[in-house]
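Would you mind keeping the following structure in view while I ask a few things?
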Amino acid sequence: MKGKLFLVLVLMAVSLMGQNTLQINGMNEAEFVYRTAADSLNAYFSNSFGFNLRYRDFFFGMKFISELPKYSTEQTELLQNLEPHRLNVDWKDLYAGFSRDMFTVQVGTTEETFGNAIVFRSFEDTEFDEDHRVQSALMRYDGDLKLKAIYGAINSANNVNRYDLAYGVDAEYPIWRGLRLGGSAMAFRELTPLGVYGYRDVFAGRGNLNLGDFQAYAEYATGKSYRQEVIAEDNISAVYANAEYLFGPIIVGGAYKRYQGFDYRLNDLPLANYHNETLSDALGSGQDEEGWQARASYTLADGVYLHADYAEARDAAKEKRMNDLYVGFDFTGGTNSYALSFSHIEKVDDLFRTWQKEYYPAFSADISPFGFPLSMQAEFKTVEKTIIENDFQHYEPLVQADFKVEKLGVSLGLQSWWADFSTIMESKYNPNIELRYPVFEHSDLILFAGKEQGGKVCRNGVCRYVAPFEASGQNSQPDFEELL
C-alpha cells in the first residue's frame with residue numbers, strides 16, 4: 001500500500017512540476033463518543049483527513065480514515081465488546097483526473113448519476129453511513145450533447161474481498177429549446193452468496209421539458225435480470241414521471257411511479273411522496289410497487305404560503321398499501337418566520353396482518369427577539385399499530401431550541417416516549433445539548449452530551465431503526481483552503 005501511494009504522489013508531483021499556483025482544499029473530522037449504556041462498548045473513535053488539489057487541468061484527492069471503532073447508529077451494529085474486524089485504518093477515496101474545456105476523465109473513487117438516478121447512481125449515504133461509490137474509470141463530455149461512460153467495481157455485499165461490476169453509457173441532447181432527450185445503458189454483475197455472478201442489464205430513455213411555467217420529466221427503464229449459466233430470465237422495469245405547473249399564485253404538481261424488480265444498491269429511486277417513505281418498512285423500495293402523488297402550493301399573500309401534498313402506493317396484489325399526507329402553513333415577516341404543519345403516514349400489510357399509522361402536528365419558528373437569534377421546533381407524534389390483532393399505541397413529543405451566545409452555538413433538545421397520558425410523570429425523558437464553537441477560521445469544535453431516543457429513519461428507499469443514544473461525544477471539524 002505504501003508503495004502504491006508513493007507512486008501516485010510522485011506521478012502527481014511530476015504532472016504539476018513547474019506550475020506557479022496550486023489550489024488545495026481539505027478537511028479533517030474527528031469524533032470521540034463515550035456511550036454509557038451498560039450492555040455496550042463504551043469508547044468509540046473515528047477520524048478522517050481528506051484533501052484535494054487542483055491546478056489548471058489536473059485534479060487529485062484522497063482521504064485517510066481511521067475507525068477505532070467508529071460509532072454506528074444502526075441498532076444491529078452496536079457492539080458489546082471490541083471486535084477486530086471493526087478496527088480499520090486505511091487510505092480511501094483516492095481519485096485523480098484531467099479536465100479541459102468540456103472533456104473530463106477521472107479514475108478512482110467516483111460519485112456519478114445517470115438521469116434521475118433510476119438506472120444508476122454511485123454515491124455515499126452519509127445518513128446511513130453506507131458507501132455505494134464505485135472505483136472506476138469515468139469519461140465525460142459536457143457540451144450540448146452530454147456523454148458519460150463508466151466502467152467500475154464495488155465491494156461485493158455478499159462476499160468479502162470480492163467485487164461487483166457496473167459499466168455503461170449515458171447520453172443527453174437538446175432536441176429543441178426547452179426539451180432534452182436522453183438515454184442510458186447499464187450492465188451490472190453482482191456476486192451472489194453461491195459464488196456465481198447474477199447479471200442485470202438495464203436500458204432507459206428519458207425526456208426533460210422546461211417551458212418556464214410548465215416543467216415535466218419522464219423516464220422509462222426496462223431490462224432483464226438473470227444468473228450466470230441459468231436460462232430463466234426476469235423482466236424488470238421502472239416508470240417515473242413528474243410534472244409541475246405555475247399559474248399566478250398557485251403551483252400544482254404530480255408524480256407517478258411503477259417499479260418492478262428495480263431493487264439494487266447502485267440506484268436511488270424517487271419515492272413520490274413528501275416524507276420519502278417506503279411502501280413497507282420491512283422491504284426496500286423498487287421490488288413491486290405503483291403509486292401517485294398530488295401536490296399544490298398557494299401564495300395567500302406576500303410571505304404567506306399554504307402547502308398540501310398527498311400520495312398513495314400499493315403492490316400488484318394490493319396486499320401492501322400506504323398513504324402519505326402533508327399540510328403546511330408558512331409565514332415570513334421581516335427577519336422572523338413561522339411554520340405550522342400536519343403529517344400523516346399509514347401503511348397496511350395484509351399478508352403479515354400488520355397496520356401502522358403515524359401522525360403529528362409540528363411547529364417551528366426562526367425569530368430574533370431583541371436582536372437575539374432563536375430557532376425553535378416542536379412536534380407531537382402519535383404512533384398506532386396492529387400486529388396480528390394486537391393493538392399498540394404510544395406518543396413521542398419533541399422540543400428543540402437553537403441559539404447563539406456570541407460565537408458559541410447552542411442546541412437544546414428534549415424527547416420522550418409515553419405509553420399513554422397517564423404515564424407522563426413516570427415516562428423516560430431524553431434531554432441533550434450540543435455546543436459548537438469556531439476554534440479557528442474554518443474549524444469548529446462540537447460537543448454533544450445527553451440522550452437521543454432513536455427510532456425510524458427512511459432514506460433511499462430503505463427504512464431503518466436508529467439505536468437510542470446515551471453518551472457524550474466530541475467532534476472536531478477543521479477544514480482548510482490554500483493557494484500556493
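Predicted model only: the values in this text are computed from it and were never measured. Positions are given from 1, in the same order as the sequence printed here.
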### Query
Is the shortest side-chain N to carboxylate O distance from R133 to D131 below 4.0 Å?
yes
### Message
Would you say that more than 12 heavy atoms from the other residues, nucleotides or ligands in this model lie under 6.0 Å from the CG of N390, or not?
### Response
yes
### Side chain to side chain, R200 and Y264, heavy atoms closer than 4.5 Å
yes
### Query
Rounded to the nearest 0.5 Å, what separation is found between the CD atom of E396 and the OG atom of S416?
9.5 Å
### Query
Any Lys/Arg nitrogen of R189 or D201 sitting under 4.0 Å from an Asp/Glu carboxylate oxygen of the other?
yes
### Query
When you measure from the side chain of K148 to the backbone N and O of T113, does any donor-acceptor pair fall under 3.5 Å?
yes
### Message
Quick check for you: to the nearest 0.5 Å, what is the distance between L300 atom CG and D302 atom CG?
### Response
11.5 Å
### Task
Would you check if the side chain of N267 reaches a backbone N or O of F120 as a donor-acceptor pair within less than 3.5 Å?
no
### Task
In plain terms, say whether D349 and R321 are close enough for a salt bridge, that is, a side-chain N and a carboxylate O under 4.0 Å apart.
no
### Any Y95 side-chain heavy atom under 4.5 Å of F59 side chain
yes
### No-hydrogen, no-angle side-chain donor-acceptor test under 3.5 Å, E67 and N88
yes
### Task
Evaluate the side-chain proximity of T110 to I150: yes if any heavy-atom separation is below 4.5 Å, no if none is.
yes
### Message
What I want to check is whether the side chains of Q215 and Y217 have a donor and an acceptor closer together than 3.5 Å.
### Response
no
### Query
Is there a side-chain contact between D366 and N336 (heavy atoms, below 4.5 Å)?
no
### Message
Would you compute the distance between atom OG of S341 and atom CG of D309 and round it to the nearest 0.5 angstrom?
### Response
12.0 Å
### Query
Checking R121 against F123: charged group under 6.0 Å from the ring centre and within 45 degrees of the axis?
yes
#### Entry: Spacing of T278 atom OG1 and E289 atom CD [to the nearest 0.5 Å]
8.0 Å
### Message
So which atom in G198 and which in T192 form the shortest heavy-atom distance, rounded to 0.1 Å?
### Response
N-CG2, 3.9 Å
### Query
Would you say the ring centroid of F58 lies under 6.0 angstrom from that of F60?
no
### Sub-6.0 Å ring centroid separation between Y298 and Y305
no
### Message
I'd like to know if D170 and R206 make a salt bridge, using a cut-off of under 4.0 Å between side-chain N and carboxylate O.
### Response
yes
### Heavy-atom donor-acceptor pair, N116 side chain to I118 backbone, under 3.5 Å
no
### Task
Show your working on side-chain contact (heavy atoms from CB on, under 4.5 Å) between V348 and Q356 and close with a plain yes or no.
CA-CA 7 Å; V348 180; Q356 66 183 60; over 6 Å; no
### Within 45° cone and under 6.0 Å: R140 NZ/CZ vs F103 ring
no
#### Entry: Salt-bridge present (E172, K146; N to O < 4.0 Å)
no
### Message
To the closest 0.5 Å, what do you measure between NZ (K63) and CD (E29)?
### Response
8.0 Å
### Residue that, paired with V239, satisfies side-chain contact (heavy atoms from CB on, under 4.5 Å) out of E290, K257, R258, Q260
R258
### Message
With no hydrogens and no angle check, just 3.5 Å: does a side-chain donor-acceptor pair link N273 and Y326?
### Response
no
### Query
Going by heavy atoms in the side chains, are W292 and E312 under 4.5 Å from each other?
yes
### Task
Compare all side-chain heavy atoms of Q135 with those of T109 and state whether any distance is below 4.5 angstrom.
yes
### Task
Check whether the side chains of T104 and S99 place a donor and an acceptor atom closer than 3.5 Å, and report yes or no.
yes
#### Entry: From CA spacing to verdict: side-chain hydrogen bond (donor to acceptor under 3.5 Å, both in side chains), E346, W355
CA-CA 8 Å; E346 185 176 14; W355 168 85; 2.7 Å; yes
### Ring centroid separation F380 to W418 under 6.0 Å
yes
### Query
Looking only at heavy atoms, what is the nearest atom pair of D315 and E319, with distance?
OD1-N, 2.9 Å
### Summary
d(I236 CD1, S225 OG) to nearest 0.5 Å is 5.5 Å
### Query
Do Y173 and R180 come within less than 4.5 Å of each other through their side chains, counting heavy atoms only?
no
### Query
If you look at every heavy atom in D350 and K318, which pair is closest and at what distance?
OD2-O, 3.9 Å
